[in-house]
Amino acid sequence: MAPKTYIADIAKYLGQEVTLQGWIYNSTQKGKLQFLMLRDGTGIIQGVIFKGNLPEELFDACLALTQESSVRLTGTVTEDKRAKGGYELQVSAVDIVQIAAEFPISPKEHGIDFLMEHRHLWLRSALQHAVLRVRHEVIRACRDYFDDLGFTLIDAPIFTPAACEGTTTLFETNYFDEKAYLTQSGQLYMEAAAMAFGKVYCFGPTFRAEKSKTRRHLTEFWMIEPEVAYCDLAMDMELAEGLLMKIVERVLENRREELLRLERDLSALEAIKRPFPRLDYDEASRMLKDAGSPFVFGDDLGAPDETLISQNFSSPVMVTHYPAAVKAFYMKRDPLRPERALCVDVLAPEGYGEIIGGGQREDDLDTLISRITAHHLPKSAFDWYLDLRKYGSVPHAGFGLGLERTVTWICGLQHIRETIPFPRTISRIYP
RNA sequence: UCAGGUGUAGCUCAAUCGGCAGAGCGGGUGGCUGUUAACCACUAGGUUGGAGGUUCGAGUCCUCCCACCUGAGCCA
């Protein structure tokens with residue numbers, strides 16, 4: 001009985017007989033020869049079937065193998081320059097697990113809507129493997145980064161009683177005949193956790209019911225949100241900068257092959273260096289005005305403005321001190337310029353725009369109460385949050401990193417939707 | 001919600017001025033011992049997004065509707 005193995009480990013078995021278990025990625029016949037491209041999730045290898053080496057009925061049975069049929073192939077591993085990857089399997093036995101029905105996704109071109117309609121099958125393709133493996137690496141880098149710094153992972157709830165930020169749209173659910181909402185951010189809960197554990201982060205899904213139809217938006221996306229007690233804006237920015245460096249270093253170290261398959265320009269990632277450029281809102285405004293943007297001083301930066309600024313730098317740009325009026329109620333004001341918030345947005349380079357938003361939180365009870373009133377938020381829903389300012393309030397800060405936007409940038413993709421296994425957008429909840 | 005665009009075979013797309021509904025791929029059948037999106041021959045495959053209208057005649061023009069795409073606003 002030949003040992004079972006994975007294609008990723010095939011080099012160890014050169015000259016030996018092994019059994020591989022997988023699916024037919026593509027196949028082609030040439031008379032008495034058949035070539036079966038087998039994938040098993042770890043890689044792809046070509047199986048060669050020659051009529052003279054097999055019982056005739058087995059050779060004929062293999063002719064019936066369709067794309068994505070599941071098979072166990074047993075054969076000898078050989079080296080062959082003619083094969084992609086350098087190795088081949090000289091097949092001696094075939095165990096057909098199932099003959100697949102006609103697979104909708106052929107090796108030829110398809111439109112994005114068709115592919116998304118078949119997302120559950122599209123995941124089998126090489127490019128989607130590459131993107132989702134980079135996603136996995138980014139997640140691992142984030143978790144390792146915070147874990148190594150002594151942070152505690154504290155999961156935030158997904159059902160929440162009220163908006164974290166009053167302006168945006170919430171998904172409403174019926175929670176035993178009461179209204180509940182899907183979370184827009186774990187931040188307020190992380191503030192509670194930071195007062196308990198000092199350094200914390202959460203990593204979970206986030207929901208926004210905004211009717212945004214752009215390549216940067218999903219209705220369900222994942223965020224990594226650290227929160228640190230006794231932390232000011234400058235320390236917060238150091239933390240964010242370190243996280244992004246860690247992500248970039250790790251994907252360059254471990255996912256080079258996937259990035260190259262995605263035709264990512266690696267030099268753009270290799271060019272990223274600390275310290276990242278830091279601009280305050282006034283400097284950013286001047287840059288936009290010089291570039292001829294219709295930007296109005298006092299407004300939030302629009303998507304084209306973010307693109308314009310980030311294109312001027314090879315590393316992510318940190319834009320700070322936005323007008324408090326355009327930011328959330330919990331942002332702490334700059335004591336030197338009370339009309340400004342102690343906040344930071346990090347814009348990814350190459351025009352990718354905002355991937356991080358964060359800053360220092362308002363830690364004074366009375367100020368926070370007046371902000372909640374001014375924003376017309378239901379105070380009763382925030383009683384627990386206000387308790388954090390009553391019982392040992394300290395300066396603290398944190399940020400949220402949008403995972404899919406980060407992966408879009410790292411992979412150099414045009415659109416965010418391929419960076420999550422099953423995207424949810426305003427027009428898609430299937431499959 | 002607003003602006004622009006698209007909708008034709010399973011998929012990707014053609015169809016001139018309003019004049020016979022087409023190709024490639026994929027599928028099926030046959031051929032080939034080195035294919036990489038193979039190649040060659042044959043073959044099946046259509047409610048042109050939907051409903052009205054104009055016309056001798058509509059994939060094409062008009063009205064309404066639907067779906068999707070790309071942006072804006074909002075945001076990560």
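Quick caveat, the model's predicted, so the values are computed rather than measured. We name chains A, B, ... by the order of the sequence lines, and we start the count at 1 in each one. Just so you know, these numbers use all the heavy atoms, side chains as well, and skip hydrogens, waters and symmetry mates.
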For [N], take OP1 and OP2 only and decide whether either is under 4.0 Å from a side-chain N or O of [X].
| X | N | result |
| --- | --- | --- |
| N26(A) | rU35(B) | no |
| K30(A) | rG34(B) | yes |
| R216(A) | rA72(B) | yes |

Any N or O donor-acceptor pair linking the side chain of [X] to the base of [N] at under 3.5 Å?
| X | N | value |
| --- | --- | --- |
| R405(A) | rC75(B) | yes |
| H110(A) | rC11(B) | no |
| S212(A) | rC74(B) | yes |

Just the atom pairs and distances: protein N or O near nucleotides 41-50 of chain B's N or O, under 3.5 Å.
none

Inset, instruction - Check each residue of residues 406-418 of chain A for a non-hydrogen atom within less than 4.0 Å of any atom in RNA chain B, then write out the ones that pass by number, or none. - result: H415(A), I416(A), R417(A)
Partners meeting ring pair (Phe, Tyr, Trp, His ring centres under 6.0 Å) with [X] (sequence neighbours left out):
| X | result |
| --- | --- |
| F151(A) | F146(A) |
| W222(A) | F203(A) |
| Y175(A) | F159(A) |
| Y322(A) | Y281(A) |

Contact class for [X] (heavy atom, under 4.0 Å): base, sugar-phosphate, or nothing?
| X | value |
| --- | --- |
| Q46(A) | base |
| T28(A) | base |
| I356(A) | sugar-phosphate |
| D80(A) | base |
| K213(A) | base |
| F114(A) | sugar-phosphate |
| E404(A) | nothing |

Legend entry - Pairing annotation in dot-bracket form, given for RNA chain B with Watson-Crick or G-U pairs under 3.5 Å and | for cross-strand partners: (((((((..((((.....[..)))).(((((.......))))).....(((((..]....))))))))))))....
Legend entry - Closest contact, heavy atoms only, Q67(A) versus A100(A): O-CB, 3.5 Å
N/O donor to acceptor pairs below 3.5 angstrom from side-chain atoms of residues 8-22 of chain A, sequence neighbours left out:
| from | atom 1 | to | atom 2 | distance (Å) |
| --- | --- | --- | --- | --- |
| E17(A) | OE2 | S92(A) | OG | 3.0 |
| T19(A) | OG1 | T74(A) | OG1 | 2.8 |
| Q21(A) | OE1 | R72(A) | NE | 2.9 |

Legend entry - Flag for Q187(A)-E227(A): side-chain donor and acceptor within less than 3.5 Å: no
Legend entry - Under the side chain to side chain donor-acceptor pair (under 3.5 Å) test, residues paired with Q414(A) that sit two or more places apart: none
Legend entry - Which residues share a side chain to side chain donor-acceptor pair (under 3.5 Å) with D236(A), sequence neighbours left out: none
Legend entry - Separation between the P atoms of rG46(B) and rA41(B), rounded to whole Å: 24 Å
Legend entry - P-based separation of rC11(B) from rU1(B) [nearest Å]: 29 Å
Inset, instruction - Report the residue (H217(A) or Q67(A)) whose heavy-atom-nearest nucleotide on RNA chain B is the more 5′ of the two. - result: Q67(A)
Inset, instruction - Using heavy atoms to find the nearest nucleotide of RNA chain B for G302(A) and F35(A) separately, return the residue whose nucleotide is more 5′. - result: F35(A)
Legend entry - H110(A) and F114(A) aromatic ring geometry - parallel, tilted or perpendicular at 30°/60° bounds: parallel
Legend entry - Test side-chain contact (heavy atoms from CB on, under 4.5 Å) applied to S310(A) - qualifying residues, sequence neighbours left out: L347(A)
Inset, instruction - Quick one: list whatever passes side-chain contact (heavy atoms from CB on, under 4.5 Å) with P423(A), sequence neighbours left out. - result: M116(A), R119(A), L218(A), R417(A), I420(A)
